[in-house]
Engineer: 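Got a structure for you, written out below as structure tokens; questions coming shortly.
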Amino acid sequence: MHPRRSAQEVLLCDLCETVPLQSRCELCNINLCKACVGEHLSDTSKDHKVVPFLRRKATPNYPKCPKHADKHCEIYCEKCDIPVCSTCVTSGKHKGHDMSDILEKLSAKTESLQKDLKELETRIYPRYEIMVSNVETEKAELERNYGKLTTDADEQGEVLHREITAIVNQRKSAITEMKTKHLDAIKKNTEEITQKMAELKQIISDLKSMLKSNDVSLTSTYKSRNSEFRTLPPKVRVTLPSFSAQKINKDQLNEMFSSLPPLSINTEHGDTMKSAEAVSSPPVKPLLDEPRVTATIDTGYRPLYSVSCLSEDQVWTRGDNETMKLLNLQSKLLTSIQTKSGGLPTDIAVTRDGDLVYTDSNTINLIKNKQIQTVITLQGWRPRSVCCTAANDLLVTMISDGFTQYKVVRYSGSTEKQSIQFDDQGRPLYSSVGYISENRNLDICVADYGASAVVVVNQSGKLRFRYTGHLSNTELSFYPYGITTDSQSHILTADHHNHRIHILDQDGQFLRYIHCDLEFPSGLCVDIRDNLFVAECVTAKVKKIQYL
């Protein structure tokens, strides 16, 4: 048993540990007997406060010292960040360490715990509950969305089935028509042979009758027709048509069926991380009320047709001869290159790598380090205008050798990826092809001057709209020729005969004109800062215009 304990649990003095306590020093937090009070007060270094034990203040619930079982930790070592007892302090292990009252430390810790508890209960845990609720909502929405995707796939499948059924019925109808014509030809041939056979039977019968009659007059007048019938009637030979089933291109069929992009799963950290696919929109640039010319370049051509930006102050130009010129804003010739064929280029464009592309009578060519490489040679078609896309593909307008058909073709390198020629009803999209440009939303914009329209299709080649000019009292009809787009998805087209530029939004709504004393504007391009370069056909000047 502990020497301070008895059967009756008598509390003893903390100093002598033999006599029952009578008093307590509230400063030193120790219990004292009557005899030890005097000894304790003899230490004048402290202002002791000894009171009868029964009148003592309530003793805090001090933690027990893990190293000294009979002691309570009444002090807190700031350096070691642990509670300690008086024995621990006097042992020398905490010499020089900052000490604080454990009750003050516990009070601060308690306050901190209360704050943590309050935040956990009122802010953090409820957010987790909301997240769980949101996940459950997302799961329900997921079921609906995936159900819709499945329905859309079924509907698309039904559309393709109907189209395939229609094609099969067309083929069967064509087969039936061929069969009828085949049978008619055989029937006609059979009738001709039967008619000849009837004549032969009649002749045979007549000859037998003549031989039996011994009639000299008949015999003397007889004329043989054997030579006539030795040449057999012509036999109709009809080549039976064969059904040449084409190998199914699964990749093309997949593309026709509609695309399903891969599942994208992003883990967001807190509320600050954005999705990796998030794309910032370009800063909004309002249109100027009064566009202004900031530079004029004299190209030396007569006439001038095309302009394509290499940078903010350098442009490639094409005109009335086989030479393509790179000029700066001061009209200084920096580089000139002649076409490989020696003929006139039909259009020029600058790739995203800064190389020049040009088209001529039947080829598409790339100029890299002043070396000309023929990328594509066409047969049956002639390339007209060209532009480079955001994906670094080439979009090329074309006209057939017979000048009766027009189309747009997309190339990746020398590989044809897409051909755009007809609308959903099988009608031609274009009646002529001027210049071409890809918009920021990947729409393909073509100036169809023959139809007095700007024809815009989406990335897959489906017609979006036709812009046929803005209602105004002009002397001449709308004649779009040059075309380009900017960072705001505006479509800008040169109204050649009316000496102005039309600015449209991406949905074909007219916004305003650019005049700037233009004369027969032809080719257009926009640099990275949305400055517009306009090639004037007759004056052979390029005007740089600020309009945003």
Side-chain angles (χ1 to χ4, degrees), residues 285 287-288 291 293 303-309 315 318 346-349 384-389 395-397 406 408 420 429-458 463-472 474-527 530-538 542-548:
K285 300 179 181 179
L287 293 167
L288 293 178
V293 177
L304 170 67
Y305 299 120
S306 300
V307 60
S308 189
C309 301
V315 293
R318 170 188 74 92
T346 52
D347 196 20
I348 56 173
R384 309 306 291 172
S385 62
V386 60
C387 76
C388 186
T389 71
L395 288 172
V396 185
T397 62
Y406 305 87
V408 172
I420 303 168
L429 284 166
Y430 312 106
S431 59
S432 65
V433 281
Y435 290 92
I436 186 171
S437 181
E438 182 190 59
N439 209 347
R440 184 181 174 87
N441 63 359
L442 304 184
D443 282 353
I444 301 168
C445 312
V446 173
D448 187 348
Y449 56 86
S452 297
V454 171
V455 180
V456 177
V457 301
N458 64 17
L463 178 66
R464 285 200 65 222
F465 62 85
R466 281 186 172 89
Y467 171 76
T468 56
H470 182 60
L471 294 177
S472 60
T474 57
E475 295 180 1
L476 298 172
S477 62
F478 178 50
Y479 191 84
Y481 201 65
I483 197 166
T484 190
T485 58
D486 64 17
S487 69
Q488 310 295 298
S489 295
H490 294 138
I491 302 169
L492 298 93
T493 185
D495 190 351
H496 188 71
H497 291 164
N498 293 298
H499 314 293
R500 63 194 177 189
I501 309 297
H502 294 231
I503 306 179
L504 320 175
D505 68 14
Q506 66 178 8
D507 298 314
Q509 297 301 310
F510 173 80
L511 299 178
R512 67 181 57 185
Y513 293 124
I514 296 176
H515 292 285
C516 292
D517 296 322
L518 296 173
E519 294 185 44
F520 297 102
S522 183
L524 305 177
C525 69
V526 170
D527 67 17
D530 288 319
N531 293 299
L532 174 65
F533 289 81
V534 182
E536 290 187 327
C537 183
V538 177
V542 173
K543 288 184 176 178
K544 182 180 180 181
I545 299 174
Q546 182 182 355
Y547 67 98
L548 293 178

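Keep in mind it's a predicted model, so treat the numbers as computed, not measured. All values below were derived from every heavy atom in this structure, side-chain atoms included, with hydrogens, water molecules and symmetry-related copies excluded.
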Engineer: Classify the side-chain pair Asp495/Tyr513 by whether it contains a donor and acceptor separated by less than 3.5 Å.
Structural biologist: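 No - no donor-acceptor pair under 3.5 Å links their side chains.
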Engineer: Find out whether Arg384 and Tyr406 are in side-chain contact, i.e. whether some heavy atom of one side chain is under 4.5 Å from a heavy atom of the other.
Structural biologist: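 Side chain of Arg384 against side chain of Tyr406, heavy atoms only: no contact under 4.5 Å found.
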Engineer: Restricting to pairs with a member in residues 514-523, which pass side-chain hydrogen bond (donor to acceptor under 3.5 Å, both in side chains), not counting sequence neighbours?
Structural biologist: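 For residues 514-523: none.
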Engineer: Sequence neighbours left out, what passes ring-ring contact (aromatic ring centres under 6.0 Å, His included) with Tyr467? Give chain and number order.
Structural biologist: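 Here the qualifying residues are Phe478, His502.
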Engineer: Give the ring-plane orientation class for His496 versus Phe520, where under 30° counts as parallel, over 60° as perpendicular and anything between as tilted.
Structural biologist: tilted
Engineer: Give the minimum heavy-atom separation between Gln546 and Leu288, together with the two atoms involved.
Structural biologist: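 Nearest heavy atoms, Gln546 then Leu288: O-CD1, 3.6 Å.
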Engineer: Side chains of Ile491 and Asp443, heavy atoms from C-beta outward: is any pair under 4.5 Å?
Structural biologist: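 Ile491 vs Asp443: side chains apart.
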Engineer: Holding to salt bridge (charged side-chain N to carboxylate O under 4.0 Å, His left out), I want the full list of residues that pass it with Asp530, two or more places apart in sequence or in another chain.
Structural biologist: Lys285
Engineer: Partners of Asp507 by side-chain hydrogen bond (donor to acceptor under 3.5 Å, both in side chains), sequence neighbours excluded?
Structural biologist: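 Per chain and number, Asp507 pairs via side-chain hydrogen bond (donor to acceptor under 3.5 Å, both in side chains) with Arg464.
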Engineer: If you define the side chain from C-beta out and look only at heavy atoms, does anything of Val446 sit under 4.5 Å from Ile483?
Structural biologist: no
Engineer: For Thr493 and Gly482, indicate whether the former's side chain and the latter's backbone hold a donor-acceptor pair under 3.5 Å.
Structural biologist: yes
Engineer: Apply side chain to side chain contact (heavy atoms under 4.5 Å, CB included) to residues Glu536 and Leu518 and explain how you reach the verdict.
Structural biologist: CA-CA 7 Å; Glu536 290 187 327; Leu518 296 173; 3.8 Å; yes
Engineer: Please examine the side chains of Leu548 and Leu287, heavy atoms only from C-beta on, and report whether any two atoms are closer than 4.5 Å.
Structural biologist: yes
Engineer: Between Val456 and Leu504, is the side chain to side chain contact (heavy atoms under 4.5 Å, CB included) condition met? List the steps.
Structural biologist: CA-CA 12 Å; Val456 177; Leu504 320 175; over 6 Å; no
Engineer: Which heavy atom of Cys309 sits nearest a heavy atom of Val315, and at what distance?
Structural biologist: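 What the structure gives for the nearest pair is CA-CG1, 4.1 Å.
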Engineer: Looking at every heavy atom in both Ser437 and Cys387, which two are closest together, and how far apart are they?
Structural biologist: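 Taking every non-hydrogen atom into account, CA-SG, 3.9 Å.
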Engineer: Tell me every residue that passes side-chain hydrogen bond (donor to acceptor under 3.5 Å, both in side chains) with Ser431, counting only those two or more places apart in sequence or in another chain.
Structural biologist: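 In terms of side-chain hydrogen bond (donor to acceptor under 3.5 Å, both in side chains), with neighbours along the sequence ignored, Ser431 is linked to Asp448.
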Engineer: Side chains of Tyr435 and Tyr305: does their closest heavy-atom pair fall under 4.5 Å?
Structural biologist: yes
Engineer: Could you list the residues that satisfy side-chain hydrogen bond (donor to acceptor under 3.5 Å, both in side chains) with Asp347, not counting sequence neighbours?
Structural biologist: Ser306
Engineer: Check the pair Val408, Leu429 against side chain to side chain contact (heavy atoms under 4.5 Å, CB included), reporting the backbone distance first and the verdict last.
Structural biologist: CA-CA 10 Å; Val408 172; Leu429 284 166; over 6 Å; no
Engineer: Hey, are Gln506 and Asn439 close enough side-chain-wise for a donor-acceptor pair under 3.5 Å?
Structural biologist: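 Checked: Asn439/Gln506 side chains show no N/O donor-acceptor pair below 3.5 Å.
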Engineer: I'd like to check Lys543 versus Val307 (side-chain heavy atoms, cut-off strictly below 4.5 Å). Are they in contact?
Structural biologist: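 Result no, sub-4.5 Å side-chain heavy-atom pair not found.
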Engineer: Are the side chains of Tyr430 and Ile420 in contact, using a 4.5 Å heavy-atom criterion?
Structural biologist: yes
Engineer: Check Pro291 against Cys516 and note the closest heavy-atom contact, atom names and distance.
Structural biologist: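 What the structure gives for the nearest pair is O-SG, 3.6 Å.
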Engineer: Determine whether Glu438 and Thr485 make a side-chain contact, defined as any pair of heavy atoms from C-beta on separated by less than 4.5 Å.
Structural biologist: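 Glu438 vs Thr485: side chains apart.
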